[in-house]
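We use all heavy atoms of the structure for the numbers below, so side chains are in, but hydrogens, waters and symmetry mates are not.
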Amino acid sequence: FRSRPARLGIASGRDLAQACRDSYSRPVTFALWVVCEIAIAACDLAEVIGAAIALNLLFGLPLIWGVLLTALDVMVILFLQHRGFRYVEALVVGLIVVIAGSFAVNLWLAKPDLGAVAAGFVPSASILKDREMLYIAIGILGATVMPHNLYLHSSIVQTRKYETTSDGKAEAIKFATLDSTIALMFALFINAAILIVSAATFHGTEHKVAEIQDAHQLLSPVLGVSAASVLFALALLASGQNSTLTGTLAGQIVMEGFLNLRLRLWLRRLLTRALAIIPAIVCIVHYGEEKD
């Protein structure tokens with residue numbers, strides 16, 4: 001499914017948002033842009049607050065300041081993209097390695113039942129009957145395959161160097177599909193590791209984990225390793241920043257593609273970042289830090 005935007009970008013030289021603007025009327029295009037921005041803001045809201053919580057757990061920083069600090073990714077992207085888009089990709093890969101490495105260590109410390117883990121990968125009809133299981137599964141799927149990344153992917157593939165011949169484009173599509181497959185496999189491992197560590201550590205114990213802060217406080221005492229909680233918070237921070245980086249890039253592509261705006265690069269980035277940060281600040285101010 002994710003290879004189709006890559007095919008569009010490579011074959012036509014247009015990203016998905018630009019192709020929609022070319023194909024649909026102006027009112028429809030504007031409506032599509034609004035829906036995409038809402039999707040990006042909704043996904044980014046959780047990621048921004050997650051990164052702020054991680055900063056709070058690691059350094060005791062108030063959530064409101066943590067949210068504001070996440071805006072610095074705009075400056076990071078501007079600096080790196082000025083040097084070449086490969087630097088942005090290297091940063092994203094580096095953050096993914098931090099996330100995967102942190103959860104891999106906690107997974108090893110938790111020592112889960114490998115037989116039960118293998119059985120958990122087999123689909124069961126009971127998930128359709130249990131509302132809580134179904135909602136968790138839908139949430140994991142939605143967090144992995146975010147709609148705005150389809151727009152992002154159709155644009156990123158055009159930064160690759162490939163021959164404009166049929167064979168060159170076919171080879172570019174093959175590598176783009178491989179790239180997406182590897183990325184999704186990493187996402188599968190990380191999501192699975194979170195669930196496995198949680199189940200192996202807390203299931204069947206007297207510990208009740210209702211919030212992220214509870215998991216952070218209990219991981220080290222339960223696993224008996226002081227670094228476990230730090231690794232958890234570090235992975236949370238890397239995950240939040242990784243998602244907000246891609247969300248900022250996708251927001252820029254969506255805004256440019258659907259509306260064909262001609263704004264300065266820093267201003268476009270700032271506008272797309274504000275769409276995620278403002279709702280997060282409103283949530284923290286309205287509900288307070290204790291409920292976050």
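Under the 4.5 Å side-chain heavy-atom criterion for Ile, Leu, Val, Met, Phe, Trp and Tyr, Val35 and Ile253 are members of distinct hydrophobic clusters.
Closest of all the heavy-atom pairs between Val225 and Leu109 is CG2-CD2, 3.8 Å. Residue Gly66 comes nearest to Ala52 through the heavy atom pair C-CB, 3.8 Å, listed as atom of the first residue, atom of the second, then distance. Closest approach of Tyr162 and Gly168 over heavy atoms only: CB-O, 4.1 Å.
For the side-chain hydrogen bond (donor to acceptor under 3.5 Å, both in side chains) condition, the pairs that include at least one residue of residues 220-236, sequence neighbours left out, are Ser220-Ser229. Under the side-chain hydrogen bond (donor to acceptor under 3.5 Å, both in side chains) criterion, no residue pair touches residues 127-140, with sequence neighbours excluded. Among residues at least two apart or in separate chains, salt bridge (Lys or Arg N to Asp or Glu O under 4.0 Å) pairs with a member in residues 87-107 are Arg86-Glu89, Glu89-Arg160. Note on residues 111-127: pairs passing side-chain hydrogen bond (donor to acceptor under 3.5 Å, both in side chains), not counting sequence neighbours, are Ser124-Ser126. For residues 219-260, the set of pairs meeting the ring-ring contact (aromatic ring centres under 6.0 Å, His included) definition, not counting sequence neighbours, comprises Tyr151-Phe258.
Grouped with Leu114 in a hydrophobic cluster is no other residue, since no side-chain heavy-atom contact under 4.5 Å to another Ile, Leu, Val, Met, Phe, Trp or Tyr is found. Ile278 belongs to a hydrophobic cluster with Val282, counting contacts under 4.5 Å between side-chain heavy atoms of Ile, Leu, Val, Met, Phe, Trp and Tyr, direct or through other members. Through side-chain heavy atoms spaced under 4.5 Å, either directly or across other Ile, Leu, Val, Met, Phe, Trp or Tyr residues, Val93 is tied to Val97.
At distances below 3.5 Å, at least one donor-acceptor pair connects side-chain atoms of Gln18 with backbone N or O atoms of Asp15. Under the 3.5 Å distance criterion, the side-chain polar atoms of Asn149 are left unmatched by any main-chain donor or acceptor of Leu152. Ser102 places a side-chain N or O within donor-acceptor distance of the main-chain N or O of Val98, the cut-off being under 3.5 Å.
Remark: Thr181 pairs with no residue by the side chain to side chain donor-acceptor pair (under 3.5 Å) rule, at least two apart or across chains. In terms of the salt bridge (Lys or Arg N to Asp or Glu O under 4.0 Å) criterion, Arg21 has no residue partners (sequence neighbours excluded). Every residue two or more places apart in sequence or in another chain that forms a ring-ring contact (aromatic ring centres under 6.0 Å, His included) with Phe30 is listed here: Trp33. Not a single salt bridge (Lys or Arg N to Asp or Glu O under 4.0 Å) links Glu171 to another residue, sequence neighbours left out.
Between the side chains of Gln217 and Gln213, no donor-acceptor pair of N or O atoms lies under 3.5 Å.
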